[in-house]
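The structure presented is a predicted model; accordingly, all values stated were derived computationally and were not measured.
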Amino acid sequence: MNSFQKNESKETLFSPVSIEDVPPRPPSPPKKPSPKICGSNYPLSIAFIVVNEFCERFSYYGMKTIIYLSLVYVLGHVIKSLGALPILGGQVVHTVLSLVGLSLIALGTGGIKPCVAAFGGDQFEEKHAEERTRYFSVFYLSINAGSLISTFITPMLRGDVQCFGEDCYALAFGVPGLLMVIALVVFAMGSKIYNKPPPEGNIVAQVFKCIWFAISNRFKNRSGDIPKRQHWLDWAAEKYPKQLIMDVKALTRVLFLYIPLPMFWALLDQQGSRWTLQAIRMNGNLGFFVLQPDQMQVLNPLLVLIFIPLFDFVIYRLVSKCGINFSSLRKMAVGMILACLAFAVAAAVEIKINEMTPAQPGPQEVFLQVLNLADDEVKVTVVGNENNSLLIESIKSFQKTPQYSKLHLKTKSQNFHFHLKYHNLSLYTEHSVQEKNWYSLVIREDGNSISSMMVKDTESKTTNGMTTVRFVNTLHKGVNISLSKDTSLNVGEDYGVSAYRTVQRGEYPAVHCRTEDKNFSLNLGLLDFGAAYLFVITNNTNQGLQAWKTEDIPANKMSIAWQLPQYALVTAGEVMFSVTGLEFSYSQAPSSMKSVLQAAWLLTIAVGNIIVLVVAQFSGLVQWAEFILFSCLLLVICLIFSIMGYYYVPVKTEDMQGPGDKQIPHIQGNMINLETKKTKL
């Protein structure tokens, strides 16, 4: 009988019955203990759950307890893979298949993810609470191990394998789907040895109905003549059983404690957004290895694999030996503080990056550099009262001004007059510019004289950390340049200027070029992170065709290694907060509310992501100030959480057991049993 059914009788009376009249109840058979791993206290079923979690994490969370939703999850992967096949329909078909596949994956993970940790915790007996706590660490470690491997393998499957003449996205989506099938098989293999708690029905609906009835019943009976009750949920006693009310009380106590938690996730989940954008403006060359900006995200799961055993076997034990009661709530509070420190470090790094970044022209300002491609030095002067003292030194052949000069405009756009002195020639030229832009004044040979052209430069570094290049062709024939298998450009003859092209960072010793009658190679050298380069193709009599290289925007100077401290701090905070929170959610939930509380824990993550969107949309702050804002907000939240945790009394396991869980002691002697009888008032 479901313990959460409605009370049908208003009162229950007891009548004494002689013990001789009641036949003795046969003793219940002893519960068979579940098999253990290698003689330890860990149930063998845990191995199947952890292996399953490792495999399905490769595809971003997967099958746990509900087999049908696991199949929905696999079906979503299959449809997503079909949507990546270029031979299957057009763009509309691909879009529809991708949306359907992602929707099925979302449905599968949303239905089964709340049961993940709770189902693993159910495999342990109460006397093995310490092993159960360790299980949550192993569980979280398996998640990050699968995530770490997938971060490396999936891009390789996409880029290094060619199918249908292009990158194999179908394989990159298909392999995670295959691993989901493996996870499903592994989980099914251990089904006979799982400890399977009986289903409680739609417990979420029961919780909401109980709370709603208590609130509405209290509102209806708000008269002062009606006696008050000890707890507001006691107003549901007319309709719902005592055990359900007790469980909902325990649930609401923990849910109240969860209110401040989303702010932690708001900081943690910025590793894949704000911190990656910060890494784009840094130099990924570590000497022995070159890191792309988005590869820094691999550091988080890697550090999780290191920190979990470090904290479990070293740090927590040292703290315990010092006599400090390092409770779950205290661990979570310390995790919040570490995340605050991580964002303070991120703000300091951001300030340093800004100091190394070239300034941007403001209103009624332009930045100008002069590039001399003539065969002798040229003296350039800006005609006008305000700017006539800017370019005072002569510029030698195939040189440029050391840095951009700031020119002030009287309006948003303005014509500037330049005086060029070359040999015994004195020339005047006029060019138009617009505010807030960068320009290069290119001086070139024109027979026995010279001429000039104004070229607009790129305004800032690329948004993805890659390198940009452009070319000036001094040859009398157009040139086609192949920068990679997917990137090529054409440059017109006689000082034609190409548009900017984005390329990967790396060495380019032999870039293939061709004219209408000749093939040749150019050595572009190292193209570094975030730089913008200008290459001038020339035909030197002694050295042949070559490219003269200059930087429009310098490469990123600050090493990406400076992000290591903030990643270490936030990952340490994650281990103390998230792993502990999983175990805390399980241990403080009544037996019927394990999955409900896990779902509430996941809901705090979703709310944290919404907080990031709201702050980013309406704060209007520069990036370093936004980091400081998040750090201060979490510090305030940590203080509130610490006060709430101070007054929170942890629930013991025996306090959450229902009446059906408690054993009735065997009574001997001439005692009487109690027989229940339902009667009307």
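- For the 3.5 Å distance criterion, the side chains of Ser484 and Thr487 qualify, holding a donor opposite an acceptor.
- When every heavy atom of Phe641 is checked against every heavy atom of Leu261, the shortest pair comes out as CE1-CD2, 3.7 Å.
- In this structure a side-chain-to-backbone donor-acceptor pair under 3.5 Å is present from Thr580 to Met576.
- In this structure, the side chain of Gln563 engages the main chain of Trp275 through a donor-acceptor pair within 3.5 Å.
- Contact detail for Met282 and Asn556: the closest heavy-atom pair is O-ND2, 3.1 Å.
- In this structure the side chain of Phe584 reaches within 4.5 angstrom of the side chain of Val254, judged on heavy atoms.
- When side chains are defined from C-beta on, Leu267 does not count as touching Trp265, because their heavy atoms never get closer than 4.5 Å.
- Side-chain contact, Glu583 with Gln588: no donor N or O sits under 3.5 Å from an acceptor N or O.
- When side chains are defined from C-beta on, Tyr316 counts as touching Lys331, because their heavy atoms get closer than 4.5 Å.
- No side-chain donor-acceptor contact under 3.5 Å links Ser559 to the backbone of Leu286.
- Within 6.0 Å of CZ on Phe313 lie more than 12 heavy atoms contributed by other residues, nucleotides or ligands.
- In this structure, a donor-acceptor pair under 3.5 Å is present between the side chains of Glu350 and Gln278.
- Side-chain rings of Phe630 and Trp624 stay apart, their centers remaining 6.0 Å or farther from each other.
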